[in-house]
Every structure is written in structure tokens, then in C-alpha cells.
Amino acid sequence: MDGNCGMADSIVQTSKNVTLIGAGDVNKGQLDAALEFAPYVIAADGGAQMALNYGIPPEKVIGDFDSVDKKALAKIPKNNQIHVSEQDSTDFDKCLRLVLAPLFLGVGFLGGRVDHQLAAFSSLIKHTGSRCILIGAEDLVFHVPRQIDLTLRPGSRLSLFPMMAVSGVSTGLHWPIEGLQFSPGVQIGTSNRVTDGPVSLQFAGRGMLVIVPRDALGAVVAASCA
């Protein structure tokens with residue numbers, strides 16, 4: 001998974017996939033699933049405490065440091081701390097902006113506060129050059145590039161949620177999307193399902209989030225840097 005499939009204006013660069021840990025709810029299953037594919041660990045601000053709670057010292061901690069515990073921060077070498085004082089973006093957004101990696105697997109960004117989740121979704125759309133899969137208790141959420149091919153279990157749930165107006169075409173879905181004009185508050189694609197073949201999605205532009213069950217992580221990782 002070391003192929004370089006994303007670019008950013010970065011101050012941290014790694015050829016490894018990154019597990020990005022936020023300050024929200026994280027269980028060991030989610031973290032282990034991420035680490036299997038992404039061994040380089042970065043904490044977004046208060047996510048540093050979460051990482052340390054699981055005995056994982058992060059390679060870097062990035063944020064405005066308004067939510068990270070000072071005792072936790074003291075356990076991380078100063079040269080691994082990247083303080084970004086501006087308040088116009090979230091810590092998750094700062095990480096996507098400042099780190100260049102092939103792929104990000106984010107834990108601690110789904111569940112908990114709804115405003116934090118919506119902010120994370122907005123960042124997925126904003127940073128289209130940074131491939132990122134958010135891992136929750138039940139679901140994965142990721143921004144689909146203009147085209148992606150996924151090998152998913154037949155009958156598996158696949159939902160499409162537009163963050164802006166976008167149209168596309170599909171194969172491998174029970175309800176094809178060709179001819180639909182997706183837009184928030186107008187047309188969404190909740191609870192579609194996979195038929196008996198690979199799923200192919202093509203979109204005319206950015207803006208579409210895909211939501212699939214968490215057990216599809218391996219398939220989504222494989223497709224994300226294909």
C-alpha cells in the first residue's frame with residue numbers, strides 16, 4: 001500500500017500509510033483494523049491521549065493543542081509536536097493539509113459530536129488529493145474520486161451521500177445511479193446494495209461520500225490506491 005496516490009502542501013512526508021487518531025470514540029477493534037494497513041501513527045491534537053491510552057506513541061501530533069492533555073503532550077518528544085495556532089480549520093483538516101502520505105485511515109472522527117463528524121466530512125471533500133478512509137464502529141466513510149472500482153460482498157450495503165451537486169454512473173449496484181442529479185437536501189443514495197459483480201463508480205466531479213460496512217475495509221484500501 002505504499003503507492004503515492006495523494007499530494008499535499010506538506011511538512012510531514014512518509015511513504016507509509018498513516019493511521020490518523022482523533023479525540024473521539026475509538027475502540028481497539030477500530031484501531032487494530034487501521035494499524036493492519038497503516039503503521040505510521042499521527043495524532044490529531046487530543047488524539048495523542050487516545051494513542052497513548054492504547055500504548056502507541058504517535059510519530060507526530062498535529063493541532064492547535066487546545067484539547068490535548070499537557071501530561072500526554074509531555075510524553076511526546078518536542079520534535080514530534082507540530083503546533084498550528086490558527087483556528088480557521090479543525091485539527092483533522094490540519095493533518096490532511098500538512099501530511100503527505102499514500103493513504104490515511106482515520107479513527108476517532110466518527111461517532112460522538114455530530115458537528116465534528118460533519119466537519120470531518122467537509123475536510124474529506126476539501127482535500128481531494130489526500131485519500132482518507134474514516135473508520136467508525138459500524139461504517140467506513142470516504143470521498144470517492146472521479147472513478148473507483150470496489151470488490152464488495154454481494155448484498156452488501158452501499159450508501160451515497162453528496163456533499164455538493166454531482167452526477168455519475170455505476171455498475172454493480174441494485175439501483176443504478178445514471179441519470180440522477182445528486183445534491184444535499186434534494187437527491188441522496190441511502191441503502192443501495194451490491195449485486196453479484198464488482199462495483200464501479202464514476203462521477204462528473206468531486207463531492208460524493210461513500211458509506212459501506214466496516215468489514216469492507218480491506219477492499220476499500222485496495223481500491224483506494226489501485
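The residues of the chain are indexed from 1 along the displayed sequence. This is a predicted model, so every value here is computed, not measured.
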- Note on the structure: What one should report as the nearest heavy-atom pair of A204 and V166 is N-CG2, 4.4 Å

- Task: Could you tell me the separation between the CG atom of L73 and the NZ atom of K71, rounded to the nearest 0.5 Å?
- Result: 13.5 Å

- Message: For the CD1 atom of I133 and the CZ atom of F142, what is their distance to the nearest 0.5 Å?
- Response: 7.0 Å

- Task: For D149, check salt bridge (charged side-chain N to carboxylate O under 4.0 Å, His left out) against everything at least two apart and list the hits.
- Result: none

- When rounded to the nearest 0.5 angstrom, what is the spacing between CD in E36 and OG1 in T19? 10.5 Å

- Item | Linked, directly or transitively: V68 and L20 (ILVMFWY side chains, under 4.5 Å) | no

- Donor-acceptor under 3.5 Å (H143 side chain, R131 main chain): no

- Linked, directly or transitively: F37 and V26 (ILVMFWY side chains, under 4.5 Å): yes

- Using modelled atom types only, decide if a donor and an acceptor are shared between the side chain of Y40 and the backbone of S15 within a distance under 3.5 Å. no

Using distance only, find each side-chain donor-acceptor pair of residues 168-176 under 3.5 Å and give its atom names and separation, not counting sequence neighbours.
residue	atom	partner	partner atom	Å
S170	OG	I177	N	3.2
H174	NE2	R193	NH2	3.4

- Message: Could you tell me if the side chain of V144 sits less than 4.5 Å from the side chain of F203, heavy atoms only?
- Response: yes

- Message: So, using side-chain hydrogen bond (donor to acceptor under 3.5 Å, both in side chains) as the criterion, who are the partners of N27 when residues are at least two apart?
- Response: Q30

- Message: Looking at every heavy atom in both P184 and A165, which two are closest together, and how far apart are they?
- Response: CD-N, 4.3 Å

- Are any non-hydrogen side-chain atoms of V212 and V210 less than 4.5 angstrom apart? yes

- Query: Should L134 and L140 be marked as a side chain to side chain contact (heavy atoms under 4.5 Å, CB included) after you check the CA-CA gap, both sets of side-chain angles, and the distance that decides it?
  - Reply: CA-CA 6 Å; L134 298 182; L140 309 174; over 6 Å; no

- Note on the structure: So CG of D91 and CG of D66: to nearest 0.5 Å the spacing works out to 6.0 Å

- Minimum-distance pair of heavy atoms, taken over all atoms of G46 and A23: C-CB, 3.7 Å

- So if you build clusters from Ile, Leu, Val, Met, Phe, Trp, Tyr with side-chain heavy-atom gaps below 4.5 Å, do V12 and I76 land together? no

- Message: Tell me if a side-chain donor or acceptor on D45 pairs with a main-chain N or O of I62 at a distance below 3.5 Å.
- Response: no

- Message: Using modelled atom types and a 3.5 Å cut-off, is there a donor and acceptor pairing between side-chain atoms of R206 and backbone atoms of I125?
- Response: yes

- Message: Please report the interatomic distance CD1(I148) to OG(S224), rounded to the nearest 0.5 Å.
- Response: 4.5 Å

Donor-acceptor pairs under 3.5 Å, side chain of residues 154-164 to any protein atom, not counting sequence neighbours: which ones?
residue	atom	partner	partner atom	Å
R157	NH1	D139	OD1	3.2
R157	NH2	D139	OD1	2.7
S159	OG	S191	N	2.8

- Check whether more than 12 heavy atoms from other residues, nucleotides or ligands sit under 6.0 Å from atom CG of D196, and answer yes or no. no

- Query: Quick one: are I21 and I42 in side-chain contact, heavy atoms under 4.5 Å?
  - Reply: no

- For D69, enumerate each residue passing the salt bridge (charged side-chain N to carboxylate O under 4.0 Å, His left out) test, keeping only those at least two apart in sequence or located in another chain. none

- Item | Sub-4.5 Å side-chain heavy-atom contact between I135 and L217 | yes

- Atom CG of L124 and atom CG of L96: how far apart are they, to the nearest 0.5 Å? 7.0 Å

- Task: Step through the shown structure and confirm whether more than 12 heavy atoms of other residues, nucleotides or ligands are within 6.0 Å of CD on E138.
- Result: no

- Query: Any donor and acceptor pair, going by atom type alone, linking the side chain of Q81 with main-chain N or O of K60 inside 3.5 Å?
  - Reply: no

- Residue pair V61 / F65, side-chain heavy-atom distance below 4.5 Å: yes

- Task: Is it possible for you to say whether V41 and L52 belong to one hydrophobic cluster, with membership spreading through side-chain heavy-atom contacts below 4.5 Å?
- Result: no

- Query: With a 4.5 Å limit on heavy-atom distance, are the side chains of K126 and D93 in contact?
  - Reply: yes

- Beyond-backbone contact of D215 with R153, side-chain heavy atoms, under 4.5 angstrom: yes

- Message: Whether the side chain of K94 engages the backbone of V84 through a donor-acceptor N/O pair (distance < 3.5 Å, no angle test) should be reported.
- Response: no

- Message: Is the shortest side-chain heavy-atom distance between D25 and L110 below 4.5 Å?
- Response: no

- Please list all pairs passing the ring-ring contact (aromatic ring centres under 6.0 Å, His included) test where one or both residues lie in residues 96-135, with sequence neighbours left out. F92-F109

